[in-house]
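Since the structure comes first, as structure tokens, the remarks are kept for the end.
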Amino acid sequence: MAVVSPASATKPELVESGVAGLRAFGYEPVMMPHALSRGPMYYAGSAEERVADLHAAFADATIDGVMCTRGGWGSAELLPLLDRELMRANPKVFVGYSDHTSLHVWFWNECGMPTFYAPMVAADWSRDNGVDERTWRAAVEGVRRWSVGEADGLKVLRSGRAEGRLLGGCLSILTEGLGTPWALRFDEPCVLFLEDIGTKPYQWDRMLQHLRYAGLMENVVGVVLGDMSANVEESEMELLTHACLHALRDFDGPIAMGLKSGHVSVGNRSLPLGAWVRMDEETLTEAGSE
């Protein structure tokens, strides 16, 4: 598993701890040359250096997967520099979340490649309770059919059933991609997953409506919202729920909220982006290809 930092610089001690966590799971992490780089500014190396690490990891036949250390900001800066033919010719497991939503979208748009919105080296693997083993083993290793439900935080906001391609990620990153050549594209039914950090109720309202006005919701058949504890205090949770339902008032499909994936404090659940899934009340299950 190659360790890369496509966005912001990370703390070496957290990476060291995360690498130990990966080894305990049976992986052999490979540190790419700029994974621990610091600068310019807040970046983990220049855009060219960060892209070079990604390209080298995908080109190396001895490496099965690529995992990001942390998010922050910087992945979108790499999109014009990525080698589509190289990535298409060497598909691998790609793991990250938050800012790396832009890379997940790029891999789907340009390569049709499934990726994993899942725990990162410094952010999650460095902590004893940072990774939910069940969903990691199911999504990334494929040891069983992937499924999440009430025990993973999901609760029904609007009842219903839907099937579609699981896509999405960090709401603010998806929204910022609109109007660029790298906005998320899909022409089949989609179950859209959205989560974020430090985003107030009115901002959720605004960005969800932005997605709708931009036409991104046209093929969405179900919406799954993440755990909101990294966005607001418990006292504002009801307002945030109402804000999301208000923004989605013209959306007819089922809506669930609370999936503990992405910006969560413990037990980060792994999601197989690009998988065909079935949404049934508070349960989301991989259903095979349509």
Side-chain angles (χ1 to χ4, degrees), residues 97-98 101 116-119 124 129-136 138-139 144-172 174 189-209 211-212 216-217 220-273 275-287:
Y97 62 91
S98 189
T101 295
F116 300 92
Y117 203 81
D124 306 282
N129 58 358
V131 178
D132 178 69
E133 181 174 355
R134 180 184 62 84
T135 54
W136 172 270
R144 65 180 68 86
R145 176 172 291 191
W146 177 85
S147 180
V148 291
E150 189 175 2
D152 304 292
L154 277 175
K155 62 180 180 180
V156 175
L157 295 187
R158 182 186 296 155
S159 185
R161 295 174 174 81
E163 282 196 23
R165 193 71 62 188
L166 180 62
L167 298 170
C170 185
L171 173 61
S172 57
L174 283 175
C190 168
V191 174
L192 187 63
F193 170 71
L194 300 168
E195 66 97 27
D196 217 315
I197 184 172
T199 304
K200 298 181 183 298
Y202 76 87
Q203 293 171 317
W204 273 90
D205 186 355
R206 182 183 67 206
M207 286 190 279
L208 286 171
Q209 296 209 47
L211 297 185
R212 183 163 58 92
L216 192 72
M217 301 294 294
V220 173
V221 295
V223 173
V224 177
L225 304 174
D227 177 87
M228 296 295 185
S229 59
N231 292 272
V232 298
E233 299 292 336
E234 185 62 36
S235 60
E236 282 194 293
M237 202 64 72
E238 184 176 359
L239 175 60
L240 177 52
T241 301
H242 286 312
C244 291
L245 288 173
H246 172 77
L248 296 169
R249 61 194 180 278
D250 295 326
F251 171 69
D252 294 330
I255 304 171
M257 177 184 276
L259 182 55
K260 297 180 184 299
S261 178
H263 296 97
V264 296
S265 56
V266 297
N268 197 351
R269 272 63 170 178
S270 301
L271 307 187
L273 297 180
W276 192 265
V277 297
R278 179 178 299 112
M279 186 176 178
D280 187 351
E281 303 299 339
E282 71 280 356
T283 302
L284 190 64
T285 305
E286 189 169 6

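Each residue takes its place number in the sequence, starting with 1. We use all heavy atoms of the structure for the numbers below, so side chains are in, but hydrogens, waters and symmetry mates are not.
Once rounded to the nearest 0.5 Å, the distance linking CH2 of Trp146 with OG1 of Thr285 reads 7.5 Å. The CG atom of Leu284 sits 10.0 Å away from the CG atom of Asp152 when rounded to the nearest 0.5 Å. Between Leu166 atom CG and Met279 atom CE the span is 10.5 Å, to the nearest 0.5 Å. In this structure, Ser98 OG and His263 NE2 are separated by 3.0 Å, a value rounded to the nearest 0.5 Å. Remark: Leu225 CG to Ser261 OG distance equals 12.5 Å, nearest 0.5 Å. Between Leu259 atom CG and Met228 atom CE the span is 10.5 Å, to the nearest 0.5 Å.
When every heavy atom of Leu167 is checked against every heavy atom of Cys190, the shortest pair comes out as CB-SG, 4.0 Å. The minimum heavy-atom distance between Ser159 and Glu281, with the atom names listed, is OG-OE2, 2.6 Å. Considering all non-hydrogen atoms of both residues, Leu194 and Trp204 come closest at O-CH2, 3.9 Å. Closest approach of Phe116 to Ala139, counting heavy atoms only: CE2-O, 3.0 Å. Nearest approach of Phe251 to Met217, heavy atoms of both residues: CD1-CE, 4.1 Å. The heavy-atom pair separating Val221 from Pro189 by the smallest distance is CG1-CB, 4.0 Å.
Of the candidates Val224, Asp227, Leu157, Met257 forms a side-chain contact (heavy atoms from CB on, under 4.5 Å) with just one, namely Leu157. For the side-chain contact (heavy atoms from CB on, under 4.5 Å) with Ser147, the qualifying choice from Thr135, Thr283, Val277 is Thr283, the only one to do so.
Side-chain contact between Leu240 and Cys244 is present, with heavy atoms from C-beta onward closer than 4.5 Å. Residues Leu216 and Val220 form no side-chain contact, since every pair of their non-hydrogen atoms from C-beta on lies 4.5 Å or further apart.
Looking only at distances, no side-chain donor or acceptor of Arg269 sits under 3.5 Å from a matching main-chain atom of Gly153. In this structure, Arg145 contributes its side chain and Ala138 its backbone to no donor-acceptor pair below 3.5 Å. Within the 3.5 Å criterion, the main-chain N or O of Leu174 finds no donor-acceptor partner in the side chain of Thr101. Using modelled atom types, one side-chain atom of Thr199 and one backbone atom of Ile197 make a donor-acceptor pair closer than 3.5 Å. Although no hydrogens or angles enter the test, the distance criterion places a donor-acceptor pair under 3.5 Å between the side chain of Asn268 and the main chain of Gly262. Of the possible donor and acceptor atoms, none in the side chain of Asn129 sits under 3.5 Å from a partner among the backbone N and O of Val266. With hydrogens and angles ignored, the 3.5 Å screen pairs no side-chain donor or acceptor of Asp196 with any backbone N or O of Asn231.
Comment: Arg212 engages Asp250 in a salt bridge, judged by a side-chain N to carboxylate O separation of less than 4.0 angstrom. At a threshold of 4.0 Å, the pair Glu163-Arg278 counts as salt-bridged, since one of the basic side-chain nitrogens sits closer than that to a carboxylate oxygen. Salt bridge status for Arg161 with Asp280: present, with a side-chain N to carboxylate O gap under 4.0 Å.
Side chains of Tyr117 and Glu195: a donor on one and an acceptor on the other come within 3.5 Å.
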>> Working note: Glu236 + Lys200, criterion side-chain contact (heavy atoms from CB on, under 4.5 Å); need CA distance, chi angles, decisive distance, verdict.
In response: CA-CA 9 Å; Glu236 282 194 293; Lys200 298 181 183 298; 5.6 Å; no

